[in-house]
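The first residue in the sequence is number 1, and the count goes up from there.
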Amino acid sequence: MIYHESTQTFHLTNGQISYLMKVLPDESLGQLYFGRAIRDRESFDHLLELHHRPMSACVFEGNKLFSLEHCKQEYPVYGTSDFRHPAVALIQPNGSRIVSFVYRSHTVSPGKPALPGLPATYCEADSEAETLTLHLEDKVLNVSLFLSYTLFTSLPALARSVRLENHGSQELHLTTAMSLSLDLPDSDYEFLHFSGAWSRERYLKVRPLEQGIQSVESTRGHSSHNHNPFVMLRRPGTDEDRGEVMGFSLIYSGNFLAQAEVDSWDTTRVTLGINPFHFDWKLSPGESFQTPEGVIVYSNQGMGAMSRTFHTLYRTRLARGEWRDRPRPILINNWEATYFDFTEDKLVSIAQAAKEDGVELFVLDDGWFGARCSDCAGLGDWSANQERLPGGISRLADRIEALGMKFGLWFEPEMVNRDSDLFRAHPDWILQTPDRRVSHGRNQFVLDFSRGEVVDCIYSQMAEILSQAKVSYVKWDMNRSMTEVYSAALPPDRQGEVMHRYMLGVYDLYDRLTRRFPHVLFESCASGGGRFDPGMLYYAPQGWASDDSDGVERQKIQYGTSFCYPLSSIGAHVSAVPNHQINRLTPLSTRANTAVFGTFGYELDLNSLTSEERAQVREQIAFMKEYRQVIQFGDFYRLLSPFEGNFTAWMVVSPDRRTALVGWYKALNEVNGPYRRVRLRGLDPELCYTVDGGSAHYGDELMEVGLCTTDSAAGERQPGQAAAQDFDSHIFVLRA
């Protein structure tokens, strides 16, 4: 970080990107530039263009050239000549919402401080990053504003967060506190986001920026199936390999807002943070508020380079613990095999078959606890159902371990059924508004995790199970959004805090359990992909990407997810056919060829397969064991988009570039189709690669000319050639 005192200019640069700010004439902070690294100079004041705007502009008294409406700002406020949406808003006892934060001082420190109670990126050595903290102050309110910027040494990534401290004597209400705001000098961008619904999460959506506001958000109490807290701005014409793009990601699992506002002069303001909708945080004298962290990644080499930066950062400096760098075990989950209809012996028989085929981890899903024989009862009572499991979880885990497998267990700790001992003892522990009806989802209600005693109760139940039984994996589910949000434990003027306090409670429970049981692999889940976000990755290094496990639909879901999230975080399984979500018959090979590009497993009873299918499963598992290190920790490249045509392709390349796997997928078969090839990426142009152990080609040829993917749908099928079909796929193995 470079500071020029003569011009009060800050230049954050690591040789890859530059981020420029300066103190404005009113002593607030202005934004000058963000993008590819540029040479430093004493003054960049020429980038601060000030011109008198007739009639419409409100200017500062004595300076007709200066209006905040026409300045690019760093952390803007509303109502002091800027009429765009602000980054911060405070309601004061006199009813005023006007604030003015002016620069006071700054500090620069090596490394990166943690954010108490919140997930965030981190450093393992101070040399990995440098952090600038800017201290601003509202002198009338005596409120301090601390803007934090961490620039990573080796990545074009900037992490930002904000802390407010009330040093005054008045009670204030914080109604907006964004994690970052960035004003850009033009609007020549496309806005990309990842939206959908249950079972079709993170579909890529693209639209041009126009004057006005474009945004995605969640008001559901969690990041949601519907939108993801990640957006991109790219220049028109930018693709996977070329062009300028910025990615904005929020490390948070609750309500969020990601917004791009274009004003009448084509300036673009990007804001990212906790959704101001229904947010109201009481900031009493002596109290502080910390925002979640936002991350910005810049690339001038296309969206692929941006994604690989996010993958590296989130895989190695957001995910933590013993499982961060370890290949993930191949698992089998009993849910779609049995649902609630199982006994201990039936579970062991499923595990026995899986062990024979090479599976390493058996996971017992919903239905093992309390009075849980349907989704109407039992949630909240985390002790084994003695009718189904007379020996409890400990005996079942011992039997699974005796097979030579590890044992995993499903929990949904944030929910409760009315028909449960916990609800009968504490009916006031759910989120419910006095004198109003209470909505349910899947016959369950949301526990009030803004209350410490509720979190403590669930922690004690889960910790008892995990300490007594040989549990190596936990699937943490969350199956509904929040409604009638009100906490019986908070006064009326703090009800606007409930949703954020709830997330702090979830993070606290995760933190306590992962610290006490560091050997356990946690996987987050929320009816599939309803809370697949960076906040969860801090505690659970992998997440169930979607309940839709169909091998074709998953190509869209996993493709969209890959724009921000590493393959090691994407839970992907092979399930039975007809598929339980869309009733499609997809070949077993394609189901596996899609699922291996993630954390691999099965969601079926292998005993129900034919001997030929079991042989395929054994081959799939052997393949995954051989290549999972490359898949989960290599460099990922998107080649053909499922959102743009009948074909999908992607590939992953080992760090030494000597091994690559290319996944190729066809949705519907062709008749007398054309010859086809796909251009590869990430290979060493000087190395010669064999393809599937046969023909050899240099890396430059495979990247510039392409890999032939023509199948028997091109012309007439020849003797010995495999028949092409709907939902076809192939994984090409390249070895140098």
Row check, Y189 ring normal vs R234 NZ/CZ: under 6.0 Å, within 45°
no
Can you name the salt bridge (charged side-chain N to carboxylate O under 4.0 Å, His left out) partners of D263, sequence neighbours left out?
R84
Return the set of residues passing ring-ring contact (aromatic ring centres under 6.0 Å, His included) with F563 (not counting sequence neighbours), or none when no residue passes.
F194, Y559
For R501, all residues meeting salt bridge (charged side-chain N to carboxylate O under 4.0 Å, His left out), sequence neighbours excluded
E497
R317 bridged to E293 by N-O distance under 4.0 Å:
no
Quick one about N479 and S527 (side-chain donor to acceptor, distance below 3.5 Å, no hydrogens or angles considered), yes or no?
yes
Return the orientation label for the H573 and W544 ring planes: parallel under 30°, perpendicular over 60°, tilted otherwise.
tilted
As a quick check of understanding, evaluate side-chain contact (heavy atoms from CB on, under 4.5 Å) for T121 and T150, giving each step before the final call.
CA-CA 10 Å; T121 56; T150 295; 6.0 Å; no
Residues two or more places apart in sequence or in another chain: which of them pass ring-ring contact (aromatic ring centres under 6.0 Å, His included) with Y203?
F643
Do the side chains of V206 and L192 get nearer than 4.5 Å, heavy atoms only?
yes
No-hydrogen, no-angle side-chain donor-acceptor test under 3.5 Å, Y252 and S179
no
Provide the closest heavy-atom pair for Y538 versus A120 in the form atom of the first, atom of the second, distance.
CE1-O, 3.1 Å
R269: which residues meet the side chain to side chain donor-acceptor pair (under 3.5 Å) condition with it, sequence neighbours left out?
D82, D183
Under the salt bridge (charged side-chain N to carboxylate O under 4.0 Å, His left out) rule, what pairs show up with a residue in residues 212-221, not counting sequence neighbours?
none
Please identify each residue that fulfils salt bridge (charged side-chain N to carboxylate O under 4.0 Å, His left out) with E453, with sequence neighbours left out.
R451
Apply ring pair (Phe, Tyr, Trp, His ring centres under 6.0 Å) to the pair F101 and Y75, showing each step before the final yes or no.
CA-CA 9 Å; F101 288 101; Y75 202 71; 7.7 Å; no
Report the residue from Y459, Y510, W382, F522 that forms a ring pair (Phe, Tyr, Trp, His ring centres under 6.0 Å) with F411.
W382
Geometric class of the H500/F289 ring pair [parallel <30°, tilted 30-60°, perpendicular >60°]
tilted
Applying ring-ring contact (aromatic ring centres under 6.0 Å, His included), can you list everything that pairs with Y122, at least two apart in sequence or on another chain?
none
Polar contact flag, side-chain donor to acceptor under 3.5 angstrom, Y507-S253:
yes
Determine, stepwise, if the pair K205 / R207 fulfils side-chain contact (heavy atoms from CB on, under 4.5 Å).
CA-CA 7 Å; K205 309 292 181 181; R207 63 181 100 159; 5.6 Å; no
Salt bridge check, D419 against R424: does any charged N sit closer than 4.0 Å to a carboxylate O?
yes
State which residues pass side chain to side chain donor-acceptor pair (under 3.5 Å) with K556; sequence neighbours excluded, sorted by chain then number.
none
Walk me through it: do S249 and F310 pass the test side-chain contact (heavy atoms from CB on, under 4.5 Å)?
CA-CA 9 Å; S249 174; F310 272 116; 3.7 Å; yes
Any side-chain heavy-atom pair from F191 and L233 closer than 4.5 angstrom?
yes
Salt-bridge present (E171, K282; N to O < 4.0 Å)
yes
For S641, side chain to side chain donor-acceptor pair (under 3.5 Å) partners two or more places apart:
none
Would R480 and E412 pass as an ion pair if we require N to O under 4.0 Å?
no
Consider only side-chain N and O atoms of H193 and S195, and report whether a donor and an acceptor are under 3.5 Å apart.
yes
Within 45° of the six-membered ring axis of F636 and under 6.0 Å from that ring's centre, is NZ or CZ of R308 located there?
no
Holding to side chain to side chain donor-acceptor pair (under 3.5 Å), I want the full list of residues that pass it with S144, two or more places apart in sequence or in another chain.
H135
Does any part of the side chain of Y19, heavy atoms only, come nearer than 4.5 Å to the side chain of L182, both counted from C-beta?
yes
Taking atom types as modelled and ignoring hydrogens, do the side chains of T175 and R97 form a donor-acceptor contact shorter than 3.5 angstrom?
no
Identify all side-chain donor-acceptor contacts of residues 427-439 below 3.5 Å with residues at least two apart in sequence or on another chain.
{"unit_1": "Q432", "atom_1": "NE2", "unit_2": "P427", "atom_2": "O", "d": "2.9"}
{"unit_1": "T433", "atom_1": "OG1", "unit_2": "E484", "atom_2": "O", "d": "3.3"}
{"unit_1": "R437", "atom_1": "NH2", "unit_2": "S439", "atom_2": "OG", "d": "3.1"}
{"unit_1": "S439", "atom_1": "OG", "unit_2": "E484", "atom_2": "OE1", "d": "3.4"}
{"unit_1": "S439", "atom_1": "OG", "unit_2": "E484", "atom_2": "OE2", "d": "2.9"}

